[in-house]
Each structure stands twice: as structure tokens, then as C-alpha cells.
**Student:** 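Quick one: the structure is below, questions incoming.
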Amino acid sequence: MEQVIYIVPALGILGLIVMTIKSSWVNKQATGDQNMVELAGHIARGAMAFLKAEWKVMFYFVVIAGIILAWSGTLVENSTPVIAVSFVLGAFLSAFAGYIGMNIATKANVRTTEAAKTGLAKALKVSFTGGTVMGLGVSGLAVLGMGSLFIVFYNVYVVSTGGDVNGLAMERALEVLAGFSLGAESIALFARVGGGIYTKAADVGADLVGKVEAGIPEDDVRNPATIADNVGDNVGDVAGMGADLFGSYVATILASMVLGREIVSDDQMGGIAPILLPLVIAGMGLAFSILGTLFVKISKETDNVQTALNKGNWISILLTVAASYFLIDFMLPEGELVMLREGSPSFTKMGVFGAVFIGLIVGALMSMITEYYTAMGKRPVNSIIKQSSTGHATNIIGGLSMGMESTVLPILVLAAGIFTSYLSAGLYGVAIAAAGMMATTAMQLAIDAFGPIADNAGGIAEMSGCDKKVRERTDILDAVGNTTAATGKGFAIASAALTALALFAAYVGLAGINSIDIYKADVLSGLFVGAMIPFIFSSLAIAAVGRAAMDMVNEVRRQFKEIPGIMEYKAKPEYDRCVQISTKASIREMIAPGAIALVVPIIVGFSFGPEVLGGVLAGVTVSGVLMGIFQNNAGGAWDNAKKSFEKGVEINGKMEYKGSDPHKASVTGDTVGDPFKDTSGPSMNILIKLTSIVSLVIAPHISEVPHGDVEALQPIEKEVETEDVQEEIASLDNNLKLKE
């Protein structure tokens with residue numbers, strides 16, 4: 001029974017093997033004519049140039065942070081310098097996950113364009129297979145990395161020392177494993193913010209000068225910023241997103257494992273079943289995501305692409321739900337399970353399954369609600385289209401109000417999910433609900449990543465002068481991709497909220513505090529400070545996009561003015577200059593927002609103590625979730641409102657198309673929404689989790705109760721029978737009160 005632990009990395013390897021097979025298939029597809037290949041080469045080289053510049057900065061950060069972590073690991077009993085090794089490995093795999101996605105995207109884009117000459121079905125197959133490579137790569141690396149490290153740390157710190165799975169030995173193993181999550185989330189934040197600044201600076205610059213001032217189509221080869229714009233789709237929406245979801249996946253698993261340590265389990269695996277369960281669920285979800293991808297296909301031009309994607313997604317979710325029932329029944333013992341924490345309710349293994357089921361339902365509902373608020377043809381987008389008829393200002397007003405409205409249903413669903421999962425299995429239920437939600441990350445990411453690939457394919461079709469039918473097919477995929485990108489971000493922010501709550505609960509335990517009392521002035525002050533952080537973070541990110549976009553606009557205007565013949569196709573624009581502007585600006589501007597998430601918890605924790613830091617975490621979580629939902633949905637709705645004009649929309653009985661005044665107003669709204677949905681909005685979920693993980697790592701250093709004493713007070717032994725648990729916990733509570 002104890003050999004179940006080795007299934008986890010094996011499933012990770014399976015995912016990477018399937019990823020390699022699908023990547024090979026994509027590489028074998030036709031690339032089109034020489035002009036298409038040349039344009040794709042410009043995009044690939046620009047993307048790699050950005051990654052190299054970004055990796056150089058992040059390398060210095062990883063080295064410095066690793067040294068500090070190694071030193072801090074020597075200061076407390078429940079950590080070791082090995083946490084630095086775990087941190088470096090997490091950072092490396094996070095960056096590598098982003099590279100896998102970007103590498104396949106820059107190859108799949110031109111192949112999707114060529115496939116679109118054949119038909120919509122083939123174009124979907126190529127673009128979605130490219131997205132699948134990224135999804136399996138991210139999930140496979142996460143499952144393999146977490147599973148392998150846990151095996152090593154469990155054997156080194158628990159088995160070899162004869163330590164208790166509920167005691168200090170396991171706490172030390174998981175504290176060191178937290179370094180892996182810290183490394184992953186740190187890189188994810190810089191990758192997401194840096195990539196988001198890059199892509200939106202190029203996109204805004206290309207739109208304002210190209211579409212609005214020069215009146216040329218999007219992705220026109222004459223626009224000097226168009227290559228930088230397409231590069232941005234890869235470094236922001238693909239590489240940044242890959243690192244982002246890698247970090248989210250890992251943080252969710254870690255939070256469940258940390259709380260699982262507090263559960264006394266008389267199982268057949270030596271008591272580690274509650275700790276191991278989230279890892280096995282993740283591996284199982286990866287396997288079922290592979291099966292789900294097989295059902296994403298269409299056969300006719302008139303088939304609905306969104307329906308095909310939803311079919312694959314629901315199949316993977318339903319298979320995961322069904323398998324989770326048997327897995328939980330197999331791993332967890334009969335009778336009641338109890339957490340070693342005052343006030344925690346007891347629960348059964350079926351309560352744990354209920355929490356997993358709730359997590360999957362919450363994830364599905366969040367995606368459906370987000371799709372409603374951002375998809376073409378729905379009331380929210382149609383409302384923005386209608387308000388575009390009266391000008392730019394009313395379009396902006398409509399998008400802002402719709403984004404604010406869109407927070408209501410997701411928050412109600414999220415609140416209900418937190419409450420019901422807690423009733424099912426306590427704080428462990430909240431964490432395992434997040435693990436259930438993230439189980440099918442491979443499928444979610446495949447659906448998400450195919451959108452930027454299709455967007456790039458449309459750009460290559462436009463720039464290379466392909467037949468109009470080719471661009472129409474890629475536009476169909478791109479429009480669906482805008483919706484799936486928005487739903488993916490809604491899914492990510494929901495998982496971040498559940499994961500942050502679980503990490504918060506784990507932090508409270510490690511910090512030696514029982515509650516966060518907002519009646520205390522310093523804690524209430526911390527709550528307000530925490531609520532402010534997502535606003536200043538968003539301000540820095542959006543302002544960075546604005547400054548970089550100004551540089552891009554000036555450069556494009558310069559080239560139109562100083563290079564004669566561009567508009568007549570007699571001269572080629574200097575694409576590399578625009579790529580360099582976005583690269584330098586994004587690297588320069590990503591530092592300040594990234595530093596906030598890393599530095600604020602450290603300053604507050606060591607200056608004011610663990611309870612005030614708890615108040616800060618609560619404020620960041622609530623405010624960040626609301627900001628993330630608002631910005632993601634407003635930006636997505638603005639984008640699809642603009643795209644609706646490409647097919648034509650009816651406003652007050654009159655058909656309006658591209659180039660009309662309402663369309664120009666929608667372009668302005670989309671320009672405002674771009675940094676919302678692709679820079680600051682999606683960064684909120686990383687901000688929420690990273691502040692919690694940093695706090696979790698420093699918790700032993702600021703704890704109000706020495707961990708050696710806490711360990712001595714724990715009377716519960718491995719051989720305690722289930723029926724004796726309540727009596728032992730009462731004894732523990734009395735000992736703690738006497739100690740205080």
C-alpha cells in the first residue's frame with residue numbers, strides 16, 4: 001500500500017511522454033510558403049530574445065534568494081538549508097514550463113495558418129494540439145517535480161529518523177517542499193507581469209497607430225509593431241501563462257499537503273494518506289486530461305468550436321469526479337478523521353470526496369459565468385456594443401460597469417464553495433476542493449493556450465496575404481480563444497482564492513497563533529494595508545503598459561514618417577526596433593510590482609508579528625480576488641465587443657462594421673481593457689498566492705510558540721485508535737493552556 005507514493009511521479013512522466021508525442025506530430029505538419037516561414041521566424045526569434053533577457057534578470061534573483069533561504073534554513077528547527085535547493089528547482093521548472101509553451105506556440109502558429117487553408121477542422125486540430133503540448137508539459141513537470149521531491153524529503157526527514165507523520169519531522173519535510181512552491185510562484189509572477197507588459201505595450205502601440213491613426217488592418221505587414229504584437233502573444237499569453245499555472249498547480253497541492261499533516265489517519269499507508277491524496281488526485285487528473293483532449297474535434301465547417309472544447313473539458317472533469325470517489329475510498333480509513341487544531345470539525349472520507357466534488361463544480365461554474373460575461377452574442381458584450389454607438393466614453397463606461405457587475409455571481413459561487421467544502425471536511429476540505437478544481441489543469445491550459453496560437457496564425461495569414469477564407473477560419477478560432485482565455489483566468493482566480501485560504505490556515509498553524517482578531521488596532525491596520533496592495537500592484541502594472549506603449553507609439557510614428565514606401569509596400573518596417581522597445585520596457589518595469597509580493601510579507605511579519613501579517617494576507621486575498629475578476633472580465637468583454645464588429649453588428653436597426661465610428665470606440669475600449677485582462681488582472685492570482693507562500697516560509701521565524709515546545713506537547717501517537725482521538729485532543733488542549 002505504501003508504494004502508492006511512487007505512482008505520482010510515474011503519472012508525471014506519462015504526461016511528459018504524451019507531450020513529446022504530440023509535439024512531434026505538430027512539428028511534422030506543413031509550414032506553408034517561404035513568406036509565412038520568414039514571418040514565423042521573426043516571431044520565434046523575438047520571443048526567444050525576450051525570454052533570454054528575462055531569464056538573465058531572474059537568474060540573479062534566484063541566486064540571491066537561494067542564498068538567503070539557505071542561511072535562514074539554519075535558524076529554526078523545522079527547516080534546513082535544503083530549502084534553497086527546493087526553491088531553485090521550483091524556479092527552474094517554472095521557467096522551463098513557460099519555455100515549453102512558448103517553443104511549441106511559435107511552431108504551431110504558422111502550421112495552424114497552413115492548416116486553415118484546408119479547413120477549420122484541421123486548423124483546430126493543429127492549434128489545440130499545440131495547446132495540449134503546453135498543458136501536459138506544465139502539469140507533467142509539476143506532478144513529477146512535487147511527487148519526486150516529496151518522496152525524497154519524506155524518506156530523508158521522516159522515515160530515516162523514525163519521525164511522526166503528524167509531528168515535527170513531517171513539518172520539516174513540507175517546509176522544505178514549500179521552497180519549491182516559492183520558487184515556482186516567484187518566477188511565475190515575474191514571467192506573468194513581464195510578459196503582460198510586453199504583449200500589451202506592443203498590442204496597444206500597434207492598435208493606436210495602425211488601426212486608429214493609419215487606418216490599416218490589424219496584423220498588417222506594414223505596421224512596424226505587428227511582429228512585436230505577435231511576439232507578445234507568445235511571451236505573455238503562453239510563456240507567462242505556463243509559468244503562472246505551473247505555480248498555481250504546485251501551490252494548491254502544497255496547501256492541501258500542509259493541512260493534511262494535521263490529520264490523524266489510521267490508514268494502510270502509515271498515516272500519510274491525507275498528505276499524499278492531493279498529489280495522487282493531481283496525477284489522476286493529468287491522466288484524465290489526456291483522455292479528454294481526444295474528444296476535442298470537429299468534422300464540418302459549421303461545427304461549433306466552443307462546444308468541442310467544452311465537450312473535452314467536461315469529459316475530463318466527470319472522469320476525475322468518478323475516479324476520485326474510488327481513490328478516496330481506497331486511500332482514507334473508515335470512521336472519523338480529526339485535525340490537530342482547536343475548533344476543527346471531524347469528518348469522514350466521504351466528506352473529503354464531497355469537498356473534491358464541490359471544488360470541481362465551483363471551477364466549472366466559474367468558467368461558465370466568465371464565459372457568459374465575455375463571450376460574443378451574450379448580453380454583457382452586446383451591451384458594450386450598443387453603448388459604442390454613442391462614442392468612446394460610453395463604451396468605457398459600459399465596460400467598467402459590466403466588469404464590476406461580473407464580480408457578483410463568481411463571489412457568491414466562491415463563498416458557497418468555501419462554506420460547503422468546510423462543512424464537508426473542515427479546512428482540509430477547502431484545500432482539497434482547490435486541489436480538485438486544479439486536477440484537470442492540463443485540459444484547462446490546453447484550452448487556454450490554443451487561443452494565442454490561433455491569434456498568431458491569424459496574424460501570419462494577414463501579413464503573408466493568404467486567402468480571405470484562411471483569415472476567417474483563424475478568426476473563428478481566435479474569437480473562441482478570447483473567451484477561453486477569459487474563462488481560464490476566472491478559473492485561475494477561483495483556485496487562487498481557495499488555495500490562499502488553505503495556505504492562510506497552514507500559516508496560522510505554523511505561526512503559533514489561534515486566530516486573527518480584527519478588534520486589535522494593529523491587525524485592522526494590516527487588513528487595510530493588505531486590501532490596498534492589489535490596487536498599487538495594478539497601478540504599477542497598468543502604468544508600465546502605458547509608458548511602454550507610448551514608446552511604441554512614438555517608434556511606429558517615426559518609422560511611418562522616416563522610412564518612405566512603407567504604406568506602399570515598397571519598404572519593410574524595422575520590426576526589430578519595436579521588439580527591442582517592448583523587451584527593454586517589460587524587463588525594466590516588472591521589477592517594482594514583483595517586489596511588492598515578496599517584500600511586504602517579510603517587512604510586516606518581522607516588524608509587527610504574525611497576527612498583523614495575517615490581517616495583511618486576509619486583505620490581499622479578498623481585494624485581489626475582486627480586482628482579478630473585475631479586470632479579467634471587463635477586458636475580455638471589451639475585446640470581444642471590438643471583434644464583433646468584424647462580422648458586423650446591428651445597432652438601432654443599422655449594421656455597423658470595421659471602420660465605423662462605433663467600431664473606433666470599441667477599439668478604444670479594447671485598448672483600455674488590454675492591460676486589465678492580460679497584465680494586472682491575471683497577475684492577481686499569483687500575487688494572492690505568493691504573499692501567502694512567502695508568509696508560510698517565514699512563519700517558523702516569526703512564530704509566537706517555539707516549535708520544539710509544541711512538538712513536546714503533542715501526545716497523539718501513531719498507534720492511537722480512531723475512537724480515542726477526541727480524548728487525546730482534549731489532553732493536548734489542556735497541555736497547551738498550561739504551557740501558555
**Student:** Compile the donor-acceptor pairs under 3.5 Å between side chains in residues 591-598 and protein atoms, sequence neighbours left out, one pair per line.
**Tutor:**
none

**Student:** If you draw a 6.0 Å radius around CZ in Phe630, do more than 12 non-hydrogen atoms from other residues or ligands fall strictly inside?
**Tutor:** yes
**Student:** Taking the side chain as C-beta and beyond, is there a heavy-atom pair between Thr226 and Asn230 under 4.5 Å?
**Tutor:** yes
**Student:** Checking the side chain of Asp455 only, and the main-chain atoms of Gly451 only, is there a donor and an acceptor separated by less than 3.5 Å?
**Tutor:** no
**Student:** Could you check whether any side-chain N or O of Thr374 sits under 3.5 Å from a backbone N or O of Thr370, counting only pairs where one atom can act as donor and the other as acceptor?
**Tutor:** yes
**Student:** Run the side chain to side chain contact (heavy atoms under 4.5 Å, CB included) test on Ile197 and Val193 for me, step by step, so that the C-alpha distance in whole Å, both residues' side-chain angles and the decisive distance to 0.1 Å come before the verdict.
**Tutor:** CA-CA 6 Å; Ile197 293 170; Val193 174; 3.8 Å; yes
**Student:** Closest approach of Met134 and Ala449, non-hydrogen atoms and distance?
**Tutor:** SD-CB, 3.5 Å
**Student:** Under the side chain to side chain contact (heavy atoms under 4.5 Å, CB included) test, which residues partner Ala184, sequence neighbours left out?
**Tutor:** Ser94, Phe246
**Student:** In Å and rounded to the nearest 0.5 Å, what is the CD1 to CD1 distance from Ile460 to Ile227?
**Tutor:** 8.0 Å
**Student:** Mind checking the CD-OH spacing from Glu589 to Tyr198? Nearest 0.5 Å is all I need.
**Tutor:** 15.0 Å
**Student:** Considering only heavy atoms from C-beta outward, does the side chain of Val296 approach that of Ile447 to under 4.5 Å?
**Tutor:** no
**Student:** If we ignore hydrogens and angles and just use 3.5 Å, is the side chain of Ser538 paired with the main-chain N or O of Phe535 as donor and acceptor?
**Tutor:** no
**Student:** When you measure from the side chain of Thr199 to the backbone N and O of Gly195, does any donor-acceptor pair fall under 3.5 Å?
**Tutor:** no
**Student:** If you take all heavy atoms of Met552 and Cys578, which pair is closest and at what distance?
**Tutor:** CE-O, 3.3 Å
**Student:** Heavy atoms, side chains only, cut-off 4.5 Å: are Tyr373 and Met402 in contact?
**Tutor:** yes
**Student:** Could Lys117 and Asp467 be called an ion pair, given the rule that one side-chain N must be under 4.0 Å from one carboxylate O?
**Tutor:** no
**Student:** Applying side chain to side chain contact (heavy atoms under 4.5 Å, CB included), run through Val381 and Ile385 and close with a yes or a no.
**Tutor:** CA-CA 6 Å; Val381 171; Ile385 291 171; 4.0 Å; yes
**Student:** Keeping Thr106 on the side-chain end and Met102 on the backbone end, is there a donor-acceptor pair under 3.5 Å?
**Tutor:** yes
**Student:** Going by the rule side chain to side chain donor-acceptor pair (under 3.5 Å), which residues pair with Arg577 if we only count those two or more places apart in sequence or in a different chain?
**Tutor:** none
**Student:** Quick one: do Lys643 and Asp478 make a salt bridge, cutoff under 4.0 Å?
**Tutor:** yes
**Student:** Just jot down the side chain to side chain contact (heavy atoms under 4.5 Å, CB included) partners of Thr394, sequence neighbours excluded, or say none.
**Tutor:** Gln387, Thr390
**Student:** Using the side chain to side chain contact (heavy atoms under 4.5 Å, CB included) rule, take Ile651 and Phe645 through it: C-alpha gap first, then chi angles, then the decisive distance, then the call.
**Tutor:** CA-CA 11 Å; Ile651 304 177; Phe645 283 93; 4.1 Å; yes
**Student:** Kindly indicate whether the side chain of Leu39, heavy atoms from C-beta on, has any atom under 4.5 Å from the side chain of Val110.
**Tutor:** no
**Student:** Going by the rule salt bridge (charged side-chain N to carboxylate O under 4.0 Å, His left out), which residues pair with Lys22 if we only count those two or more places apart in sequence or in a different chain?
**Tutor:** none
**Student:** For the residue pair Ala634 and Gly399, what are the closest heavy atoms and their distance?
**Tutor:** CB-O, 3.7 Å
**Student:** How would you list, by chain and number, every residue that makes a salt bridge (charged side-chain N to carboxylate O under 4.0 Å, His left out) with Glu562, sequence neighbours excluded?
**Tutor:** Arg558
**Student:** Would you give the length of the straight line joining atom CZ of Phe450 to atom CG of Leu124, rounded to the nearest 0.5 angstrom?
**Tutor:** 6.0 Å
**Student:** Checking the side chain of Thr132 only, and the main-chain atoms of Phe128 only, is there a donor and an acceptor separated by less than 3.5 Å?
**Tutor:** yes
**Student:** Give a yes or no answer on whether the side chain of Ser139 reaches the backbone of Leu136 with a donor-acceptor pair at less than 3.5 Å.
**Tutor:** no
**Student:** Please tabulate, one pair per line, all N/O donor-acceptor pairs under 3.5 Å involving side-chain atoms of residues 47-65, not counting sequence neighbours.
**Tutor:**
none

**Student:** Within this structure, what is the CG-CD1 distance for the pair Asp674 and Ile542, rounded to the nearest 0.5 Å?
**Tutor:** 11.5 Å
**Student:** Could you check Thr671, Asp229, Asp678 and say which one makes a side chain to side chain donor-acceptor pair (under 3.5 Å) with Lys200?
**Tutor:** Asp678
**Student:** Check whether Arg471 reaches the backbone of Gly458 with its side chain - one donor and one acceptor, N or O, closer than 3.5 Å.
**Tutor:** yes
**Student:** How would you list, by chain and number, every residue that makes a side chain to side chain contact (heavy atoms under 4.5 Å, CB included) with Ala375, sequence neighbours excluded?
**Tutor:** Glu371, Lys378, Thr483
**Student:** What residues form a ring-ring contact (aromatic ring centres under 6.0 Å, His included) with His42, not counting sequence neighbours?
**Tutor:** Tyr575
**Student:** Would you please test Leu445 and Met241 for side chain to side chain contact (heavy atoms under 4.5 Å, CB included) and show each step?
**Tutor:** CA-CA 9 Å; Leu445 194 49; Met241 180 174 59; 3.9 Å; yes
**Student:** So, using ring-ring contact (aromatic ring centres under 6.0 Å, His included) as the criterion, who are the partners of Phe537 when residues are at least two apart?
**Tutor:** none
**Student:** What's the shortest heavy-atom distance between Leu120 and Val305, and which atoms?
**Tutor:** CD2-CG2, 4.1 Å
**Student:** Just verifying a value: how many Å separate Thr668 OG1 and Lys664 NZ, rounded to the nearest 0.5 Å?
**Tutor:** 10.0 Å
**Student:** Below 4.5 Å, heavy atoms only, C-beta onward: do Trp25 and Val126 meet side chain to side chain?
**Tutor:** yes
**Student:** Are any of the side-chain heavy atoms of Glu574 and Gln559 separated by less than 4.5 Å?
**Tutor:** yes
**Student:** Using salt bridge (charged side-chain N to carboxylate O under 4.0 Å, His left out) as the criterion, list what pairs up with Arg588, not counting sequence neighbours.
**Tutor:** none
**Student:** Check whether Asn554 reaches the backbone of Met550 with its side chain - one donor and one acceptor, N or O, closer than 3.5 Å.
**Tutor:** yes
**Student:** Closest approach of Asn456 and Asn234, non-hydrogen atoms and distance?
**Tutor:** OD1-ND2, 2.8 Å
**Student:** Can you confirm whether Ile563 sits close enough to Pro573 that some side-chain heavy atom of one is under 4.5 Å from a side-chain heavy atom of the other?
**Tutor:** no
**Student:** Looking only at heavy atoms, which two atoms of Thr118 and Arg473 are closest? And how far apart?
**Tutor:** C-NH1, 4.0 Å
**Student:** Rounded to the nearest 0.5 Å, what separates atom OG in Ser464 from atom CD in Gln34?
**Tutor:** 12.0 Å
**Student:** May I ask you to decide if Asn395's main-chain N or O and Trp638's side chain share a donor-acceptor pair within less than 3.5 Å?
**Tutor:** yes
**Student:** Using a 3.5 Å cut-off and no angle test, enumerate the donor-acceptor pairs between side-chain atoms of residues 679-689 and protein atoms at least two apart in sequence or in another chain.
**Tutor:**
| from | atom 1 | to | atom 2 | distance (Å) |
| --- | --- | --- | --- | --- |
| Thr679 | OG1 | Gly196 | O | 2.9 |
| Ser680 | OG | Gln631 | OE1 | 2.4 |
| Ser680 | OG | Pro675 | O | 3.4 |
| Ser683 | OG | Thr679 | O | 2.6 |
| Asn685 | ND2 | Asp244 | OD1 | 3.2 |
| Lys689 | NZ | Ser248 | OG | 2.9 |
| Lys689 | NZ | Asn685 | O | 3.0 |

**Student:** Could you check if a side-chain atom of Met36 sits within less than 4.5 angstrom of a side-chain atom of Cys466, using non-hydrogen atoms only?
**Tutor:** yes
